[in-house]
Number of protein chains: 4
Amino acid sequence: MAGGVNKVILVGNLGQDPEVRHLEGDKVVANVSLATTESYKDRSGNRVDNTEWHDLELWDGLAKIAENYLKKGSKIYVEGKIKTDSWQDEQGNNRRKVRIRVQNLTMLDARTDGQGSPSNSSSNQAYNNNPSPQQMPAPNVAEGPADDDDLPF
Amino acid sequence: MAGGVNKVILVGNLGQDPEVRHLEGDKVVANVSLATTESYKDRSGNRVDNTEWHDLELWDGLAKIAENYLKKGSKIYVEGKIKTDSWQDEQGNNRRKVRIRVQNLTMLDARTDGQGSPSNSSSNQAYNNNPSPQQMPAPNVAEGPADDDDLPF
Amino acid sequence: MAGGVNKVILVGNLGQDPEVRHLEGDKVVANVSLATTESYKDRSGNRVDNTEWHDLELWDGLAKIAENYLKKGSKIYVEGKIKTDSWQDEQGNNRRKVRIRVQNLTMLDARTDGQGSPSNSSSNQAYNNNPSPQQMPAPNVAEGPADDDDLPF
Amino acid sequence: MAGGVNKVILVGNLGQDPEVRHLEGDKVVANVSLATTESYKDRSGNRVDNTEWHDLELWDGLAKIAENYLKKGSKIYVEGKIKTDSWQDEQGNNRRKVRIRVQNLTMLDARTDGQGSPSNSSSNQAYNNNPSPQQMPAPNVAEGPADDDDLPF
DNA sequence: TTTT
DNA sequence: TTTT
């Protein structure tokens, strides 16, 4: 035993729409590719962008949030942990893939008009009284069982 | 460009002594393998330990700290960012390796008597010979130029 | 002495325009009031919002960023540390005020057209008048000396 | 509503034994005073220690951990959120107190001999085979209901 | 592959 | 005092 902390905090944009798989037993996984870009000036004073791509894995309630509210370009804050998957490929080589298992997600896009869903702009009234998934993103959601109650309304 | 945050926070123990290389131009790199262990009870009530290994990369002042004060078993707090190195191997395959570039390091071992180590690793010698309580290492060091002043005493 | 970590990570919106003071010797301070809102359902299933207000203190380069780019409503990510100011008030009572000393700031608003503001606050003027793609703000800025170079263009 | 992140990460030492209160309905609260010390050299090259004291509040399972395993001097990692309590004092003045509501706790002391309890040194073997509360701290515990199962053994 |  |  050792105790320990394994925590990742990212703010970035999705490079693609989430890939969501519904598994047996009501399990859901979403895979999300997230870019974090660092911007700095090099010695010559030129601005340089440096982008790191992160493979996120979301389960159950968080996966449903991803499925329903995230898409290519969405900006999110996530908290999670680093997790390395290991396996052997067809040639018998040991392979490893590092992923971020997401434990908390906050959407950072403005929601003034349905986040790119073309129609259905919804007033705040509508948000409180009459939410529907297409209109109302989940601002901050933690990992947990796959109840529909994980959806934020 | 996009702005973004790419932050990792780890608390764990070194699996091995740091590997330190002195490069030309006073540059120093240390590679450190850090274990973070998560402990939980499975459904049958048995305690299960789950260890994740992280490849840390430290430069310059932080690398010297690693060289002089860290060894197998040391417990540390680090803050850094995820960074993927990509290259082609001899067979022409694209390879990727995820590392944590360390930006801040705090030593968490008690320092009362040589961090508990009975024997005489050379780093420990230096550690034990020189310091008096008032001079003991400031266990929290940030990334920066490789001055000797990065050493905490 | 003990080593230690004192880190705060916040994502929220400014409740007011920043208050900026230019001090002697080129020092600049900005005070910013930041709301973080937590949203949950109570037992009766009603959505409840819980807002915490944080007093941020930014110095020099970060203060200039605040002065030039932030205003009431801006959404930001900040990293900093907790810091308690203590003093005696006029009645001789000991008073304490907790502030967040900001060390890193990332702007999270979309920047497509002047950050959504229709009118002409002077900071926004500067923001709108000047920029070409190469000059756009680098939304992620760390604490450091008060050079104009801390401004992201 | 707004989404938002309010996160605090601290590593430090208890200034006093925890103060624990058992409330009706099986609720338990622990108040803990935690010091985080920052160490740096001033312009004259003298080492300066700067200590910040944090008022932590732990509930239920975490409070029991505090009650059973923490004491003056213990080193811990905590994760939590900032939370301001407001009230009126006897003179009718508005008063505010900032506290850290702890959501995660990791004990960082070496466990070689009962964390300062003088006897009962326990090998790792003992840890795996035969743990008893006095010997075996809780390495990493998250906030949750007050089951005895929150105790780590 | 994102974002600006 | 923000935000939705």
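This one's a predicted model, so the numbers in the text were calculated from it and none came from an experiment. Order of the sequence lines fixes the chain letters, A, B, ..., with proteins taken first and strands second; residue numbering starts at 1 for each chain. The figures that follow rest on heavy atoms only: side chains count, while hydrogens, waters and symmetry mates do not.
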Check: Can you tell me how far P of E:dT4 sits from CG of A:D109, to the nearest Å?
Finding: 9 Å
Notebook entry, point to check: Quick one: which of F:dT1, E:dT2, F:dT2 gets closest to the side chain of A:K72?
Noted result: E:dT2
Checklist line | Lys/Arg N to Asp/Glu carboxylate O, D:K83 vs D:E57, below 4.0 Å | finding: yes
Next item on the list: Look at the side chain of C:T36 and the base of F:dT2, then say whether one donor and one acceptor between them are separated by less than 3.5 Å.
Entry: no
Item checked: Atom-pair distance (CD on A:Q16; C1' on E:dT1), nearest Å -> 4 Å
Margin query: What is the distance, to the nearest angstrom, from the CG atom on C:L34 to the C1' atom on F:dT2?
Written below: 8 Å
Check: Does A:T51 get its side chain close enough to the base of E:dT2, under 3.5 Å, for a donor-acceptor pair?
Finding: yes
Next item on the list: Quickly work out the A:Y77 OH to E:dT3 P distance and round it to whole Å.
Entry: 22 Å
Check: Is there a donor-acceptor pair closer than 3.5 Å between any side-chain N or O of C:D17 and the backbone N or O of C:K72?
Finding: yes
Notebook entry, point to check: Would you call A:E79-A:K7 a salt bridge at under 4.0 Å N-O?
Noted result: yes
Next item on the list: Grab the NZ-C1' distance between A:K75 and E:dT4 for me, whole Å please.
Entry: 9 Å
Next item on the list: Figure out the CH2/P separation between C:W53 and F:dT1, and round it to whole Å.
Entry: 8 Å
Margin query: Using whole Å, what does the distance between atom C1' of nucleotide F:dT3 and atom CE of A:M107 come to?
Written below: 14 Å
Notebook entry, point to check: Any donor and acceptor pair, going by atom type alone, linking the side chain of C:N6 with main-chain N or O of D:L10 inside 3.5 Å?
Noted result: no
Margin query: From CG of A:L70 over to P of E:dT1, roughly how many Å is that when rounded to an integer?
Written below: 20 Å
